[in-house]
Number of protein chains: 2
Amino acid sequence: MRNAEFDRQQVLRSAMHAFMHKGYNKTSMQDLTAATGLHPGSIYCAFGNKKGLLLAAVEQYRADRTSQMATVFSSKKPVLAKLKDYLDGVVQECLSCNTSQSCLLTKAITELAEQDPEVQHILSDHLKAWQNSLQHQFQAAIADGELPKDSDPVFLSEYLVMGIYGLRTFAHTQPQPEVLIRLAERLYANVCT
Amino acid sequence: MRNAEFDRQQVLRSAMHAFMHKGYNKTSMQDLTAATGLHPGSIYCAFGNKKGLLLAAVEQYRADRTSQMATVFSSKKPVLAKLKDYLDGVVQECLSCNTSQSCLLTKAITELAEQDPEVQHILSDHLKAWQNSLQHQFQAAIADGELPKDSDPVFLSEYLVMGIYGLRTFAHTQPQPEVLIRLAERLYANVCT
DNA sequence: AAAGAACTTGAATAAACGTTCAAAAAATAT
DNA sequence: ATATTTTTTGAACGTTTATTCAAGTTCTTT
């Protein structure tokens with residue numbers, strides 16, 4: 001028996017960034033060997049093929065995002081304040097990225113929609129799970145009396161998710177901080193008041 | 001002297017649909033010769049290269065969309081009613097597409113962001129022009145007293161554009177009519193009331 | 001130490017890619 | 001009709017692609 005030499009998380013994060021940077025189809029195996037430091041044989045041994053590496057990277061992405069969200073929402077603030085913090089984080093992410101670093105999930109689902117139904121299904125599930133965890137926060141806000149009792153947490157999470165999708169795409173073409181911040185504030189107001 | 005045999009608009013619309021369907025990188029020249037009916041040599045003679053064909057197709061897309069918008073907004077209805085009609089049209093488009101037929105401009109800008117700055121710039125300009133024509137409609141609505149005099153048409157058009165981007169991405173993962181219609185209605189309400 | 005199992009290495013493979021080009025065809029001009 | 005010009009044709013080109021595999025290396029077990 002012998003363990004792999006490479007750090008799996010590190011490899012997946014490198015692959016993840018390569019895919020986010022160039023997109024799935026334009027990221028060649030040569031790019032991936034360069035980014036991960038692994039030779040082709042090692043990649044195929046560990047992940048099967050290029051698609052397998054994408055799916056593993058997507059899984060890592062989901063795990064990273066989940067723990068990041070958990071951090072934000074573990075605060076003792078009111079729920080709506082935490083939602084505002086989360087939204088501010090999204091805006092900062094749109095701004096901070098030197099490049100147009102959109103969400104790996106939406107980027108991949110847009111690119112691979114017609115190309116690979118299996119990948120599309122997996123990505124849709126992840127995005128739905130993300131929407132679901134936002135929905136739980138709205139439920140908590142309603143339970144805590146921060147939102148009216150007759151609010152619809154499903155609809156609110158759908159609308160917020162739609163807004164975040166839109167914000168990310170908007171940032172691609174007009175990444176001015178003032179504009180994005182103003183849009184996010186209005187989005188928050190339209191959802192949480 | 002001799003004129004080209006093919007119908008330029010028809011060729012460009014075919015190429016446009018091929019690019020929207022598979023994305024730029026995954027649409028091979030073989031796909032494009034099949035879609036357009038042109039042989040490689042003819043494509044290179046008429047458009048220079050694959051990127052040239054994309055840009056010509058994008059130009060055709062913009063022209064088609066512009067005249068489509070002109071049709072909607074040439075109606076004699078109140079401006080806000082026309083905006084609602086336009087938004088309903090977007091939703092119908094999200095639903096009707098057998099496939100996930102997103103906007104060619106946003107699809108291409110997401111895919112080619114890092115790959116080709118020139119294409120990105122051209123696409124950004126087109127999207128900005130689209131936003132601008134929506135802004136003019138908001139200005140008209142304000143002038144007609146359909147919106148408060150102190151409304152900010154720039155911000156309203158930004159927010160509506162963001163919402164439409166989001167709606168299209170959302171439709172990729174959850175294309176249920178009720179959901180999209182409800183989201184669009186709330187978006188309209190948040191912008192126009 | 002020796003044997004065995006697992007991982008690493010990187011050159012090789014076949015297929016697909018965007019692009020070119022010389023020959024054939026067709027339309028206009030003379 | 002003939003000459004001239006332009007487009008069409010489609011095979012061929014050199015790259016690049018994802019993937020494979022046999023040989024080499026390294027770790028663990030005995």
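Letters go in sequence order (proteins before strands), and every chain restarts at 1. Quick note: numbers below take in every heavy atom, side chains included, and nothing from hydrogens, waters or symmetry partners. The structure displayed is predicted, hence computed values, not measured ones.
For the side chain to side chain contact (heavy atoms under 4.5 Å, CB included) test, residues two or more places apart in sequence or in another chain that qualify with B:D64 are B:R13, B:M16, B:Q60. In terms of the ring-ring contact (aromatic ring centres under 6.0 Å, His included) criterion, residue partners of B:F19 (sequence neighbours excluded) are, by chain and number, B:Y24. The salt bridge (Lys or Arg N to Asp or Glu O under 4.0 Å) check on B:K22 picks up B:D31, with sequence neighbours excluded. Residues satisfying the salt bridge (Lys or Arg N to Asp or Glu O under 4.0 Å) criterion with B:E118, sequence neighbours excluded, are B:K51. In this structure B:D144 satisfies the salt bridge (Lys or Arg N to Asp or Glu O under 4.0 Å) test with no other residue, sequence neighbours excluded.
Among residues at least two apart or in separate chains, side-chain hydrogen bond (donor to acceptor under 3.5 Å, both in side chains) pairs with a member in residues 151-161 of chain B are A:R182-B:D152, A:R182-B:E158, A:N190-B:Y159. Screening residues 56-81 of chain B for ring-ring contact (aromatic ring centres under 6.0 Å, His included), with sequence neighbours left out, gives B:F73-B:Y86. Applying the salt bridge (Lys or Arg N to Asp or Glu O under 4.0 Å) definition to pairs two or more places apart or across chains, none involves residues 171-180 of chain B. Within the structure, salt bridge (Lys or Arg N to Asp or Glu O under 4.0 Å) pairs that include any residue of residues 134-143 of chain B do not occur (at least two apart or interchain).
In this structure, of C:dT19, D:dT9, C:dT9, it is C:dT9 that holds the atom nearest to the side chain of A:S42. For B:Y44, the side-chain atoms get nearest to C:dT19 when compared with the rest of C:dT19, D:dT20, D:dG10. Candidate nucleotides C:dT8, D:dT17, C:dT19 were compared by shortest atom distance to the side chain of A:C45, and C:dT8 ranks first.
In this structure, A:I43 places its CD1 atom 13 Å from C1' of C:dG10, rounding to the nearest Å. Taking atom CZ of A:R8 as the reference point, atom P of C:dT8 lies 12 Å away to the nearest angstrom. Whole-Å rounding puts the A:N25 CG to D:dA18 C1' distance at 12 Å. In this structure, A:K26 places its NZ atom 7 Å from P of D:dT17, rounding to the nearest Å. C:dG10 atom P lies 12 Å from atom CG of A:L38, rounded to whole Å.
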Close N/O contacts between protein and nucleotides 12-15 of chain D (under 3.5 Å):
none

Contact list (N/O, under 3.5 angstrom) for nucleotides 11-15 of chain C vs protein:
none

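Remark: A:E114 does not engage B:K107 in a salt bridge, criterion side-chain N to carboxylate O under 4.0 Å. Taking a cutoff of 4.0 Å between a charged side-chain nitrogen and a carboxylate oxygen, B:E59 and B:R8 do not qualify as a salt bridge.
At the phosphate of D:dT16, neither OP1 nor OP2 sits under 4.0 Å from any side-chain N or O atom of A:Q30. Note on B:H39: a side-chain N or O is less than 4.0 Å away from OP1 or OP2 of D:dG10.
Within residues 46-57 of chain A, no residue has any heavy atom closer than 4.0 Å to DNA chain C.
When heavy atoms are screened at a 4.0 angstrom cut-off, A:T33 is found touching no nucleic acid atom at all.
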